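Written out below as structure tokens is the structure these notes cover.
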Number of protein chains: 2
Amino acid sequence: MITIVIGEDHQAIIDGMVLLLQYDKNISIIDTANDGKALLDIVLQKRPDVVITDIRMPVMDGIAVTRAIKEQLPNTKIVAFSMFDQDDAFLQMHEAGVSGYILKNSPLEEVRKAVIAVHAGKEYYDSGIDERLYDNAFAKAKTTKSVLSKSEREILNLIAQNKTSSEIAEIRFTAVSTVEKHRKNMIRKLGLSGKGELLKYAIQRKYEFN
Amino acid sequence: MITIVIGEDHQAIIDGMVLLLQYDKNISIIDTANDGKALLDIVLQKRPDVVITDIRMPVMDGIAVTRAIKEQLPNTKIVAFSMFDQDDAFLQMHEAGVSGYILKNSPLEEVRKAVIAVHAGKEYYDSGIDERLYDNAFAKAKTTKSVLSKSEREILNLIAQNKTSSEIAEIRFTAVSTVEKHRKNMIRKLGLSGKGELLKYAIQRKYEFN
DNA sequence: TATAAAATACCCATTTTCGGGTATTTTTTT
DNA sequence: AAAAAAATACCCGAAAATGGGTATTTTATA
């Protein structure tokens, strides 16, 4: 029996998964959570075999949750369940330590397959991504390694929340000029240009939304 | 027996609904679609009693689909199923002619309730919204009816594409000051404030326009 | 430990947006 | 035809973001 915990802010989707898996003799959903912090607490307490987590979640995003779980319970297998098929979300989740990645565009049945696969020690990537992104992301990781640094990601997160540079500076206890420097570096790294580009990028690609 | 068609770009969510309703003797899912155009075609051809539609969908958004269905088959009941609990999405869907509105944050069981209610000629609004938004949206519709004008929507669309005011002015053959005026008017109408707010609004709600 | 990478902070100048206005012309609606 | 709404265009000033630098300190990593 594989025990699993699900983190997903849309209750309707959790309900769908429960309906799918409730009569499965090999899988038992022992708990669910609607935000990242709650998910982390539950996982640390109940120690399931497999965690299914959305990337975009309130309070704490799936990437942070994955990192935290992997740090404290490295044997727990994690499957990302996301509507984002963007390279960087996939890449970041992979770096955080997920063993599987499935898309909401795909049949729900993929969830069952993924759970079984990762529990068996394999990796499982949705057929919808393995061609387009899988190679892509790994190739990118090896060649360009142009991912943003920790501070940069933090700032990008705040940008997505519509914070201005001076607000971000206050939050992070740094100078405004530092934040502005990070902005410029990110714009350069990401190949953007123009006023709203970075905000647009932050909103569209990042795991943190409203 | 109530016949329904579901439009939703995330197959996993459709699968969840099918699992929920497949053994319901009163409801029969006769078809599903993953984009707005496909949904409209199916509905016009198969003429279900109730349509469940997402708002944000590829090719054609749920608002346009709802308008088109209501125009040609006014007796078809439509339930919006959305992750957006924003006032304007709700208001626009209501104006387009939906009889129900449910949120993905809510239990999937809400879908069944909504289908039965709207088929019986009632309106059904998710308990998650009726307090916060329902009154709000209707009150707003009556008092301010602050929907954006045609020019404003056009400009907002360009803003979502990351055009600056001067670029927009060029595209529209107007003065930069006019575009800026429209921006300010929109910010006022929408109750926004701060630098990136309008861009953020434009990006997050661009499904209304393209 | 030596080196690279990241984070920090500042300089300059320019463009853009925003928050107040006012005012005229067109278009739409009553 | 009169009134209302929308679109047009300008004023001012302030705040913010961008593009281009340089430079120091910390923190990883080879």
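All of these numbers come straight from a predicted model, not from anything done at the bench. Throughout, a chain's letter reflects where its sequence line sits, starting with A, and its residues are numbered from 1.
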For [N], does either OP1 or OP2 sit under 4.0 Å from a side-chain N or O belonging to [X]?
X        : N      : value
A:Ser165 : D:dA17 : yes
B:Thr174 : D:dT8  : no
B:Arg188 : C:dG19 : no

Judged by nearest nucleotide, the residue sitting upstream toward the 5' end of DNA chain C, B:Leu199 or A:Ile155, is A:Ile155
The side chain of [X] lies closest to which of these nucleotides: [options]?
X        : options                : answer
A:His182 : C:dT17, C:dT8, D:dT8   : C:dT8
B:Thr164 : D:dC10, D:dG19, C:dT16 : C:dT16
A:Ser177 : C:dA9, C:dT8, D:dC10   : C:dA9
B:Thr178 : D:dC10, D:dT18, D:dT8  : D:dT8

Nearest-Å distance, [atom1] ([X]) to [atom2] ([N])?
X        : N      : atom1 : atom2 : result
B:Glu170 : C:dT15 : CD    : C1'   : 15 Å
B:Lys181 : C:dT22 : NZ    : P     : 10 Å
B:Glu197 : D:dA16 : CD    : P     : 13 Å
A:Ile159 : D:dA16 : CD1   : P     : 14 Å
B:Glu180 : C:dG21 : CD    : P     : 17 Å
A:Ile168 : C:dT8  : CD1   : P     : 12 Å
B:Lys184 : D:dC11 : NZ    : P     : 12 Å
B:Arg183 : C:dG20 : CZ    : C1'   : 17 Å

Residues [X], [Y]: salt bridge by 4.0 Å N-O rule:
X        : Y        : answer
A:Glu110 : A:Lys113 : yes
B:Lys189 : B:Glu152 : yes
A:Lys104 : B:Glu8   : no

task = Using atom types as modelled and distance alone, determine if a side-chain donor or acceptor of A:Lys163 lies under 3.5 Å from a backbone N or O of A:Glu167.
result = no
*asked:* Less than 3.5 Å apart, any donor N or O on the side chain of A:Arg47 or A:Thr76 sitting next to an acceptor on the other?
replied: no
